[in-house]
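In what follows, chains are A, B, ... by sequence order, proteins preceding strands, each numbered from 1.
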Amino acid sequence: MSYTPLLSVRGIGKRYGAHVGCIDVSFDLWPGEVMGIVGESGSGKSTLLNCMAGHLVPDAGQVIFDTRADGPRDTVTMSEPERRMLGRTDWAFVHQHARDGLRMGVSAGGNVGERLMAVGARHYGDIRGKATDWLERVEIDPGRIDDRPSTFSGGMQQRLQIARNLVTGPRLVFMDEPTGGLDVSVQARLLDLLRGLVRDMGLSAVIVTHDLAVVRLLADQLMVMKSGRVVEAGLTDQVLDDPQHGYTQLLVSSVLQV
Amino acid sequence: MIEIENLSKTFTLHNQGGAVLRVIEAARLSVAPGECVALTGASGAGKSTLMRMIYGNYRAASGRILVGGVDVARAEPRAIIRLRRETLGYVSQFLRVVPRVPTLDVVAEPLRAVGVPVEDARERARGLLARLNIPERLWSLSPTTFSGGEQQRVNIARGFAHPYPALLLDEPTASLDTANREVVLRLIEEAKARGAAMIGIFHDEAARARVCDREIDVSRFAPARAA
Amino acid sequence: MTETAYNFAYLDEQTKRMIRRALLKALAIPGYQVPFASREMPMPYGWGTGGVQVSAAVLTPDDVLKVIDQGADDTTNAVSIRSFFQRTAGVATTTRTQEATVIQTRHRIPEVPLTEGQILVYQVPIPEPLRFLEPRESETRKMHALEDYGLMHVKLYEDISRHGHIATAYAYPVRVEARYVMDPSPIPKFDNPKLGDCPAIQLFGAGREQRLYALPPWTQVVSLDFEDHPFEPSKADHPCGLCGATDSYLDEVIVDDVGGRMFVCSDTDYCEARQAQGHRGKDAA
């Protein structure tokens, strides 16, 4: 068991003028753990995710990442080149809409290969080999390597986005509603895939979703957000099965039982 | 192996006028390695609640729950995750798995989680599924489509895959046929023999008598009715 | 209208000073695109307004100007720009590469090696090599600033995956001094090796896009490629039909309507000089 969290979030806050994005959010994420963040629309969960991933600059707080080279560093205050380098090596970001995370005019192979080339891969055969391997891992027929993602189904696009993100072996993946907008059967396949990848690669992940079933299957820990604040946090099954806060009790009891 | 001291549990229902339900008070019990203790008491007396608290699924209001030296009532989530992965198993009646994962991998998963190579884990899973009479043709299918009895047996196989030093058994033999009931009781006896500390809920009195060393009536942990 | 109605080389002195400042900055940061306040010129965009402004800013009365368009001194565009400066600057002009001190070019580098003291001015339609992959200027500028150039290789990857080889034949991207990725303007990739270690100053002007960039003499310029698909400067596999040269970039010319064709030097000065020395190709009259 390691003694340093992979990610330490301390007192993150973000306002949009008078409107509150999120306030005073703190948590630790340890290597190999998956953190789920749930809450209704406007609860601040996406703002928080974007602050952590460096897409938004928080007004307050620290996002401390245990870097390979220099140990724990606050990514909020690190220089943009350093943060971008993290963004294409140790971090990955899976968008809800695959087209936000893919280059729709570039072939599937080019999409997967981009991060490799961004960190210096210069051997076409190797890049293509890795792309083929990753297409197989996310269950896309390697015969489609030269097709553009615009010819893919929604589920395939999402899996391609995951391959494109994981090809450089990141240690931390941020996911924003990764199964949102997909059919239920496609969701199940994606969840299964994500679980396998998280286990096999020892990935840590932060998953924002409003789907409690998704966090029950994927997340070790859970944070429940309301109006920008974390109202409850803990072991996922504890929060879902024995919710302490009134809002969480309402949220859990509102889910339709199948 | 399992030590419970002065444990209590309340439920606060915020959406029902903040009603507070006191369900367990001043519970204490101790289970040694190689020992199996049965929880008894009328339905609703709090057997399942106590089991869930030991597993960390329900939060304790006060008291201590020591499992292999970890206080589940106070431990950080990651300590509980580790405890569940390595030390504390739970065989419940209900199977909860990711759809689409083959039965063989569902059973092998607890072993994979502690780093057992995939083929070794599957080999152990095959052995358990065979013992529990799950037809081999079903192993490559997801258990989500199985009958209730088959799902229960898959869940038992999964619970016994990794040799946990502590095990919680929630009605492991309920609604099993004689042959499968016998297999499960043998699995429990084998776990005892290798030194596992176990707490179980058994409505099956004959089974309870056969595998359990002691019985604890949880009614004695019920709060005074005056509350 | 008389020639004296214009300031020397058409542009006013303040504008030329502004452009020179931008050029000095461009020379100081090889390959970096410097914004400049491009002026309206008496010609349409796409006819070399960027190149003309750069030429106007660097010309002195003693200069000898050569203008080529796709290697030729005698095409409409080359002739009109040459006469523009004859009229507004009164400078001497030439078609001989060796005699010129300033050469404005569209889409070629002359075959005769350039020498110290010469300035080559390129007309550039689109200065941003990342444009077709990332349309947001805010983003491409950031990518240059952070040397985030993975995308450039994605373009070459796409080429190979679609055509089996890098099919980009002109405007082939280069990396300057291991720092900025630069669009060399739409010169054929045959000319790319001449960009690096060149004794002359190379200036690039994009009028519509309001950008200047430059390669000072002896700059390291590397064409992007893959280890297993190395850069290859290519040309048509023929000798010149007129002068017999085998080392020059060739244009394919259709000579009749039954499929007859010939390959001739695109650099007309080079070809004529060789013919004057007595070299003859198979199609020479």
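- Contacts with chain A (heavy atom to heavy atom, under 4.5 Å) involve no residue of residues 146-162 of chain B.
- With a 4.5 angstrom heavy-atom cutoff, A:D200 touches chain B only via side-chain atoms.
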- [ ] In sequence, state the C-alpha distance, the side-chain angles, and the governing distance for B:T12 and A:Q244, and then conclude on side-chain contact (heavy atoms from CB on, under 4.5 Å).
- [x] CA-CA 7 Å; B:T12 306; A:Q244 308 292 309; over 6 Å; no
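- For the pairing with A:L235, the side-chain contact (heavy atoms from CB on, under 4.5 Å) check across B:R78, B:E76, B:R84 returns one residue only, B:R84.
- Residue B:Y55 does not touch chain A at all, counting heavy-atom pairs closer than 4.5 Å.
- For the atom pair CG of B:N57 and OG1 of A:T236, the computed distance is 11.0 Å after rounding to the nearest 0.5 Å.
- In A:R144, the CZ atom is crowded: over 12 heavy atoms of neighbouring residues, nucleotides or ligands sit closer than 6.0 Å.
- A:Q249 touches chain B through backbone and side chain together, each having a heavy atom under 4.5 Å away.
- Other residues, nucleotides and ligands place more than 12 heavy atoms under 6.0 Å from the CD atom of B:E119.
- Residues of residues 108-118 of chain B that come closer than 4.5 Å to chain A, counting heavy atoms only, are B:E109, B:R112, ordered by residue number.
- Residues A:D242 and B:R59 share a closest heavy-atom pair of OD2-N, 2.7 Å.
- Neither the backbone nor the side chain of A:A213 has a heavy atom closer than 4.5 Å to any heavy atom of chain B.
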